[in-house]
Each structure stands twice: as C-alpha cells, then as structure tokens.
Colleague: 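Encoded as structure tokens, here's the structure I'll be asking about.
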Amino acid sequence: MENMKNILNVLCVFISIFVFSQTQSVKKDPAKKGTKTTIKKTLSASKPNADLVVINKELPVLIPKKKGDQFGYVNQNGKFIIQPEYHIAVFFYEDCNLLNSPNEKVRKFGTKDYATVEKNMISYRIDQSGKRVYQFKETDFGKCKFEEYKQQLFQAYILNGFYGIIEKSKFVNAADYRQFQIYPQYQYLFILEGDDVANPMIVASNNDKFGIIDVNNRIIIPFEYSNIKRNFSWKLGKMFEVTKDGSNYYYIDANNKTY
C-alpha cells in the first residue's frame with residue numbers, strides 16, 4: 001500500500017486542517033478565610049467526573065456521536081456528556097499544529113486532553129466538560145514534527161478480481177497459494193492505519209456487505225454493514241465508523257457494541 005506513508009504524513013495535521021474554517025467570568029463568593037477558600041478549591045479541582053466512566057480501557061472516555069444533524073460526545077455508557085451542537089466533532093487527540101505553536105500560551109490546547117469541534121464555520125478546542133477553551137487562529141499554527149513511519153507488514157493483493165492479503169517481505173510467487181496470508185476471496189480489502197502493524201484491522205467486503213477481519217482471516221466485525229469508513233477512527237479511538245443504511249454513520253468497538 002504505497003499510499004500508507006503519505007497517509008501517515010498527513011495524520012498529524014488531519015484534525016486541524018480538516019476542521020479549520022476561519023479565523024464566563026466566574027462569580028466568586030466573598031472569602032472569609034484565605035486558607036479555607038484554598039482548601040475548597042483544591043478539593044473541587046481534584047474531584048473526578050463521575051460521568052466519565054471507564055468500562056473498556058481500550059476506548060476513549062468520550063466518543064463523538066451524532067444526534068439529528070449535530071454532534072456531541074457520549075460516555076462509554078452512551079450518555080451524552082457534551083450535548084450535540086457541532087457540525088464536526090472528532091476524538092480527543094493531539095493536534096501537532098498547536099503543540100508546536102509559536103504562541104507558547106496555546107500549546108497546551110494541542111494535547112490529547114482536548115478535542116476539535118466546529119460550529120457555525122468556526123473551529124474550537126474543547127475540554128472534557130465541553131467548555132470551548134480555544135478558537136483556532138492560523139497564525140497559531142506551528143510545524144508538525146513527524147514521528148518515524150512504521151512500515152506496514154501486510155498489503156492487499158488482487159488476483160482474478162478478488163482481494164487477499166500478503167506479507168510483503170515474504171511474498172514472491174502468486175502461483176503458490178501458501179505464500180498468501182489470506183488467499184484472494186473478498187470483493188474488497190483495506191488495511192486500516194493503526195499502531196500494531198503485526199495485527200492490523202482490515203475492512204473487508206463479502207456478498208456486498210462490509211465487516212472487519214484480522215490477518216488470520218478471523219472475523220472481528222460480522223458482515224452486516226453497508227459501509228465502513230476507511231479513516232483514522234481505529235488509530236485514534238480503537239473504534240470503527242459504520243452504517244447499515246448508507247447514510248447514518250455511528251461508532252462501534254471491536255466487540256461490535258454500538259455507541
């Protein structure tokens with residue numbers, strides 16, 4: 001897959017470039033004693049958010065979800081934590097343009113503690129409470145520092161109109177079926193970008209339905225979807241973006257659980 005290197009090179013800038021469109025005062029109660037006020041603030045700041053439940057450690061604590069025409073974020077129980085009001089909402093993930101910003105004050109908003117959203121053609125970074133903490137400005141964009149590319153071990157191979165999988169370093173002779181990791185038998189295959197190149201997730205099509213398989217031809221997600229997006233949702237959130245009607249997309253995990 002010659003395109004995979006180029007795909008990774010744009011991954012770091014994907015979130016910012018994809019959603020970038022253009023460029024409360026807290027009432028404080030009178031403090032009776034400075035020490036007591038400080039203690040209260042500390043306790044409040046350290047109190048965990050009970051809504052950010054963790055059922056599956058592999059998944060994000062907040063997952064983008066569409067309701068009507070707007071996106072918000074649900075927790076792992078499917079409860080909306082950030083109400084749907086955005087045209088675009090992506091996973092909480094690093095934004096390398098902000099991490100390397102010439103403006104030191106905005107670099108913190110490039111960390112994985114924030115997510116990029118868009119509303120009314122304006123892009124923001126929000127925190128896990130849903131508060132808009134930063135509005136994108138092109139002058140704040142820095143230059144991304146690309147990590148070393150992880151060479152893919154496997155690639156799709158077409159034989160007689162059908163797709164299979166080969167391990168590039170070992171494949172020599174297509175006439176020898178034993179050299180195929182998965183012998184060509186599918187209508188379509190696409191290896192998703194991920195961190196584990198030895199065990200990638202593969203979008204597959206069979207009998208005009210899409211599912212997910214691994215390199216051992218084990219079915220991870222059954223063939224019951226009309227489409228599965230070939231995007232970065234697996235790399236960013238260990239999830240797949242799927243649809244059954246070709247129009248309404250939503251996320252599922254590797255256990256085929258819907259969010």
Side-chain angles (χ1 to χ4, degrees), residues 10-26 49-56 58-98 106 108-138 140-141 192 203 210 221 224-259:
V10 299
L11 171 62
C12 293
V13 298
F14 166 74
I15 296 176
S16 295
I17 300 302
F18 176 66
V19 300
F20 179 76
S21 299
Q22 59 175 316
T23 85
Q24 357 185 296
S25 130
V26 180
N49 187 342
D51 286 326
L52 299 182
V53 295
V54 178
I55 300 172
N56 186 340
E58 294 291 317
L59 302 182
V61 294
L62 289 171
I63 301 163
K65 186 177 180 64
K66 191 175 185 179
K67 183 178 181 180
D69 294 328
Q70 306 295 325
F71 285 92
Y73 291 83
V74 297
N75 64 11
Q76 291 188 11
N77 277 327
K79 176 184 176 182
F80 269 105
I81 305 302
I82 300 175
Q83 294 304 309
E85 60 173 305
Y86 297 105
H87 174 64
I88 293 171
V90 300
F91 287 103
F92 280 76
Y93 201 74
E94 290 183 352
D95 184 307
C96 68
N97 294 111
L98 296 182
V106 306
K108 62 181 180 180
F109 301 126
T111 68
K112 63 183 179 180
D113 294 325
Y114 303 94
T116 300
V117 294
E118 182 183 286
K119 182 176 183 178
N120 298 326
M121 302 298 289
I122 301 175
S123 299
Y124 306 91
R125 291 286 272 180
I126 60 172
D127 63 19
Q128 291 186 340
S129 71
K131 181 181 179 180
R132 298 173 198 163
V133 295
Y134 172 75
Q135 180 177 326
F136 277 92
K137 296 179 182 178
E138 193 168 8
D140 287 339
F141 280 14
L192 292 170
V203 177
F210 284 86
I221 301 297
E224 59 184 38
Y225 298 98
S226 66
N227 195 22
I228 298 177
K229 287 189 177 182
R230 274 74 78 191
N231 57 19
F232 296 107
S233 60
W234 175 250
K235 182 175 179 64
L236 299 183
K238 290 294 184 290
M239 307 189 82
F240 309 105
E241 194 170 1
V242 303
T243 181
K244 287 189 174 182
D245 61 11
S247 177
N248 298 302
Y249 283 84
Y250 52 92
Y251 288 104
I252 60 172
D253 63 20
N255 297 312
N256 204 26
K257 180 181 176 181
T258 298
Y259 293 86

Colleague: Report, as yes or no, whether the 6.0 Å neighbourhood of atom NZ on K108 holds more than 12 heavy atoms from other residues, nucleotides or ligands.
Modeller: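 No, NZ of K108 has 12 or fewer neighbouring heavy atoms, counting only those of other groups under 6.0 Å.
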Colleague: If the condition is side chain to side chain donor-acceptor pair (under 3.5 Å), which residues does D127 pass it with, not counting sequence neighbours?
Modeller: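 Listed in chain order: S129.
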Colleague: Could you tell me if N231 and E241 have a donor-acceptor pair between their side chains, going purely by distance under 3.5 Å?
Modeller: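 Distance-only check passes for E241 and N231.
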Colleague: State which residues pass side chain to side chain donor-acceptor pair (under 3.5 Å) with K112; sequence neighbours excluded, sorted by chain then number.
Modeller: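 Applying side chain to side chain donor-acceptor pair (under 3.5 Å) to K112 gives none.
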Colleague: How many angstroms lie between OG1 in T116 and CD in E94, if you round to the nearest 0.5 Å?
Modeller: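 One finds 11.5 Å between OG1 of T116 and CD of E94.
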Colleague: Quick one: is the NZ or CZ of R125 closer than 6.0 Å to the six-membered ring centre of F109, and within 45° of its axis?
Modeller: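 No cation-pi geometry.
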Colleague: Taking atom CG of L62 and atom CD1 of I82, what is their separation to the nearest 0.5 Å?
Modeller: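 Answer rounded to 0.5 Å: 5.0 Å.
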Colleague: Who pairs with N248 by side chain to side chain donor-acceptor pair (under 3.5 Å), at least two apart in sequence or on another chain?
Modeller: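 Only D245 meet the side chain to side chain donor-acceptor pair (under 3.5 Å) criterion with N248.
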Colleague: Rounded at 0.5 Å granularity, tell me how far OH in Y114 sits from CZ in R132.
Modeller: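 Here the rounded value is 16.0 Å.
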Colleague: Considering non-hydrogen atoms only, spot the tightest contact between R230 and N227 and give its length.
Modeller: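 R230 and N227 have their closest heavy atoms at NH1-OD1, 2.8 Å.
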Colleague: Does Y134 have any side chain to side chain donor-acceptor pair (under 3.5 Å) partners at least two apart in sequence or in another chain, and if so, which?
Modeller: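 Once residues adjacent in sequence are excluded, the partners of Y134 under the side chain to side chain donor-acceptor pair (under 3.5 Å) criterion are D140.
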Colleague: Kindly compute the distance separating CD1 (I88) from CE (M121), expressed to the nearest 0.5 Å.
Modeller: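 It comes to 8.5 Å.
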Colleague: Are I252 and Y225 close enough that some pair of their side-chain heavy atoms sits under 4.5 Å apart?
Modeller: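 The answer is yes, as the side chains (C-beta and beyond) meet within the 4.5 Å cut-off.
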Colleague: Using a cut-off of 6.0 Å, state whether more than 12 heavy atoms not belonging to K257 lie near its atom NZ.
Modeller: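 Yes, because the 6.0 Å sphere around NZ of K257 holds more than 12 heavy atoms from other groups.
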Colleague: Sorted by first residue and then second, give each ring pair (Phe, Tyr, Trp, His ring centres under 6.0 Å) pair with at least one member in residues 239-259; sequence neighbours left out.
Modeller: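 Of all non-adjacent pairs touching residues 239-259, those that pass ring pair (Phe, Tyr, Trp, His ring centres under 6.0 Å) are F91-Y251, W234-F240.
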Colleague: Filter on side chain to side chain donor-acceptor pair (under 3.5 Å), then keep only pairs touching residues 70-81, sequence neighbours left out; what's left?
Modeller: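 Residue pairs with at least one partner in residues 70-81: D51-K79.
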Colleague: Looking at CG of N256 and CD of E224, how far apart are the two atoms once the value is rounded to the nearest 0.5 Å?
Modeller: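 One gets 5.0 Å once the value is rounded to the nearest 0.5 Å.
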